[in-house]
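Down below is the structure, laid out as structure tokens.
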Amino acid sequence: MDLQFSQYRLNCTRPFHISRSSFDHYDIFFVYLSSNGITGKGEAAPNSRYNEHPGDVFSALESIPATIDTPEDMDHGIEVMDNLAGPLMSLRSALICAFLDWYSQNSRTPIIDLLGWSSQTKIPKTSITIVIDDLDKIVDQLTNYDDFPILKIKLGTDYDQDIIRSIRNITDRVIRVDANEAWSLSEAMSMCDWLADKNVELVEQPLASDNFSEAKLLKEKSPIPIIADESCKTSADIEELSEAYDGINIKLIKCGGLPEAVRMIDTARKFKLKIMIGCMVESSLGITTAAHLGSLADFVDLDGHLLIKNDPYRGLKITAGQPTLPSGYGLGVFLDSQYQNNNLE
């Protein structure tokens, strides 16, 4: 089995500005595993919030042999990819995804069957992210996404209520709020009370990720469900946070890939937590991979590929907020014709 990879810069349609950072691009990696004339693809989107950086992923990929023994079966393949990635969760996700994409095509077995479920349930409608900006520019963002019924509003400013007021002046669409750890307990309690009659469905990660004691107090008082994002990376985190949150946001780059994401779903259900499937700013390759979990979720936030202007892949389709997976075996992701000469598979 041959391994290749390409580093690629995703350019944002506008600066991706949240409470703790602002970026106009993200450096990611596409990983390819080839054997028997079949190529599997995966995407590594390292994020500095989780102490992973492009240089780390590049060094790790450079250290992996260009040719590895083709694994004997699926479980062996996942173990091999896990070991090759080491501690880098984003790379682990990419390698495991590439292997499962290859294995699905080679065995002519749908990925959802490989992961142990088969569902005809529709994926819930996805939200679209509205990033922090000046009030007039936030309104401009809304006009670009008229057909999305759910808005994910980034907060964590000194004018959070003004942002919500401005949005409510022009639309009554469902809002999900994401503060990205920016609020104190008193701010979170006040804002949750204030948001309660604003058609807000949930509030994501209002407090610092390690602040479980205050998060528990907030959960007890908040009239709106509280969802853990930065607080929840893998299934090992779920029991501790289960008393402090109403649900969790699962992202492949945090947990290390599809198999661990399935374990997170199973564990969260045992603790009666709601499930959100989320993403970082990623191409259609990474977003389509995560969407294979969509039918198991209560909420979906899979819009990362819509926030960039140079997405080289095509896969998941979203119409009026409704995601639809490609049919067939593997991920069903293909390279857009205009990127054929960009040294991408």
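Fair warning: this is a prediction, and the values are worked out from it, not measured in the lab.
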request  = Run the numbers on L273 and I238 for side-chain contact (heavy atoms from CB on, under 4.5 Å), then give the verdict.
outcome  = CA-CA 9 Å; L273 297 173; I238 292 174; 3.8 Å; yes
inquiry  = With side-chain contact (heavy atoms from CB on, under 4.5 Å) as the criterion, how do V200 and I153 come out once you've worked through the C-alpha distance, each side chain's angles and the decisive distance to 0.1 Å?
reply    = CA-CA 10 Å; V200 173; I153 311 301; over 6 Å; no
key: side-chain contact (heavy atoms from CB on, under 4.5 Å) assessment of K233 paired with M89   = CA-CA 10 Å; K233 295 184 282 293; M89 291 297 195; over 6 Å; no
ask   = When you look at Q205 and S231, which way does the side-chain hydrogen bond (donor to acceptor under 3.5 Å, both in side chains) test go after all the steps?
value = CA-CA 8 Å; Q205 200 64 55; S231 291; 3.0 Å; yes
query = Where do S166 and N169 land on the side-chain hydrogen bond (donor to acceptor under 3.5 Å, both in side chains) test, with the steps shown first?
reply = CA-CA 5 Å; S166 296; N169 284 337; 5.2 Å; no
request  = Test salt bridge (charged side-chain N to carboxylate O under 4.0 Å, His left out) on K152 and D178 and set out the steps.
outcome  = CA-CA 7 Å; K152 181 173 182 176; D178 186 0; 3.6 Å; yes
ask   = Does the pair E204 and R176 meet the rule for a salt bridge (charged side-chain N to carboxylate O under 4.0 Å, His left out), with working shown?
value = CA-CA 8 Å; E204 192 176 337; R176 297 171 183 168; over 6 Å; no
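Interatomic distance, OG1 of T319 versus CD of Q322, reported as 8.5 Å (0.5 Å rounding). Rounding to the nearest 0.5 Å places OG1 of T13 at 8.0 Å from CG of N144.
When all heavy atoms of M1 and T70 are compared, the closest pair comes out as N-OG1, 3.3 Å. Heavy atoms only, all atoms of each residue included: G294 and P124 are closest at O-CD, 3.2 Å. Shown here for P323 and I318, the closest heavy-atom pair between the two residues is CA-CG1, 4.1 Å. Considering every non-hydrogen atom in both V131 and P15, the closest pair reads CG2-O, 3.6 Å. The nearest pair of heavy atoms linking P71 to H76 is CA-ND1, 3.5 Å. In plain terms, the two heavy atoms of G42 and A98 that are nearest each other are N-CB, 3.7 Å.
Annotation for K198: atom NZ counts as buried by contact number, over 12 foreign heavy atoms lying within 6.0 Å. The 12-atom threshold is exceeded at CD of Q340, counting heavy atoms of other residues, nucleotides or ligands nearer than 6.0 Å. Environment of CD in Q7: crowded, with over 12 heavy atoms of neighbouring residues, nucleotides or ligands closer than 6.0 Å. For K216, the NZ atom sits in a loose shell: 12 or fewer heavy atoms of surrounding residues, nucleotides or ligands are nearer than 6.0 Å. No more than 12 heavy atoms of other residues, nucleotides or ligands lie within 6.0 Å of CG in D69, so this atom counts as exposed by the packing criterion.
Between R49 and S209, the side chains place a donor N or O and an acceptor N or O closer than 3.5 Å (distance only, hydrogens not considered). A side-chain N or O of E214 and one of N211 form a donor-acceptor pair less than 3.5 Å apart. Between the side chains of E43 and S283, a donor-acceptor pair is found at a separation under 3.5 Å. A side-chain N or O of T67 and one of D2 form a donor-acceptor pair less than 3.5 Å apart. No side-chain N or O of Y50 forms a donor-acceptor pair with one of E230 less than 3.5 Å apart.
At least one side-chain heavy atom of C232 sits under 4.5 Å from a side-chain heavy atom of M264. L293 has its side chain within reach of L252: a pair of non-hydrogen atoms, C-beta onward, lies under 4.5 Å apart. Residues I68 and M81 meet the side-chain proximity criterion, which asks for heavy atoms closer than 4.5 Å. The closest side-chain heavy-atom distance from F5 to V57 is not below 4.5 Å. Side-chain contact check for L218 versus L207: some heavy-atom pair is nearer than 4.5 Å. Side chains of L151 and T171 form a contact here, defined as non-hydrogen atoms less than 4.5 Å apart.
Under the 30°/60° scheme for interplanar angles, the aromatic rings of F29 and F58 are found to be tilted. Between Y26 and F23, the ring planes lie tilted relative to each other; the angle falls in the 30° to 60° range.
By the rule that hydrophobic residues join a cluster once side-chain heavy atoms approach within less than 4.5 Å of another member, L202 and L185 end up as members of separate clusters. The same ILVMFWY cluster, assembled from side-chain heavy atoms under 4.5 Å apart, contains both I277 and F148. Linking Ile, Leu, Val, Met, Phe, Trp and Tyr residues whenever their side-chain heavy atoms come within less than 4.5 Å places L33 and L88 in a single cluster. Taking hydrophobic clusters as Ile, Leu, Val, Met, Phe, Trp and Tyr residues chained together by side-chain heavy-atom distances below 4.5 Å, I170 does not share a cluster with I150. M280 and L307 are not part of a single hydrophobic cluster, where members link through side-chain heavy atoms under 4.5 Å apart.
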Would you list the atom pairs, donor with acceptor, under 3.5 Å between side chains in residues 100-112 and any protein atom, with sequence neighbours excluded?
{"unit_1": "D101", "atom_1": "OD1", "unit_2": "Q105", "atom_2": "NE2", "d": "3.1"}
{"unit_1": "D101", "atom_1": "OD1", "unit_2": "L331", "atom_2": "N", "d": "2.8"}
{"unit_1": "D101", "atom_1": "OD2", "unit_2": "K41", "atom_2": "N", "d": "2.9"}
{"unit_1": "W102", "atom_1": "NE1", "unit_2": "S35", "atom_2": "O", "d": "3.0"}
{"unit_1": "S104", "atom_1": "OG", "unit_2": "T109", "atom_2": "O", "d": "2.5"}
{"unit_1": "S104", "atom_1": "OG", "unit_2": "G330", "atom_2": "N", "d": "2.7"}
{"unit_1": "Q105", "atom_1": "NE2", "unit_2": "T39", "atom_2": "O", "d": "3.2"}
{"unit_1": "Q105", "atom_1": "NE2", "unit_2": "D101", "atom_2": "O", "d": "3.2"}
{"unit_1": "N106", "atom_1": "OD1", "unit_2": "N36", "atom_2": "ND2", "d": "3.3"}
{"unit_1": "S107", "atom_1": "OG", "unit_2": "Y103", "atom_2": "O", "d": "2.7"}
{"unit_1": "S107", "atom_1": "OG", "unit_2": "T109", "atom_2": "OG1", "d": "3.2"}
{"unit_1": "T109", "atom_1": "OG1", "unit_2": "S107", "atom_2": "O", "d": "3.2"}

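Between D301 and K125 there is no salt bridge, since none of the side-chain N atoms of the basic residue sits less than 4.0 Å from a carboxylate O of the acidic one.
Partners of D162 according to the salt bridge (Lys or Arg N to Asp or Glu O under 4.0 Å) rule, which considers only residues two or more places apart in sequence or in another chain, are R165. Here R263 pairs with E260 under the salt bridge (Lys or Arg N to Asp or Glu O under 4.0 Å) rule; sequence neighbours left out.
Ring to ring, Y313 and Y339 are not that close: their centroids are 6.0 angstrom or more apart. The aromatic ring centroids of Y8 and F30 lie less than 6.0 Å from each other.
K254 pairs in a side chain to side chain donor-acceptor pair (under 3.5 Å) with only one of the listed residues (N47, D229, D237, N249), which is D229.
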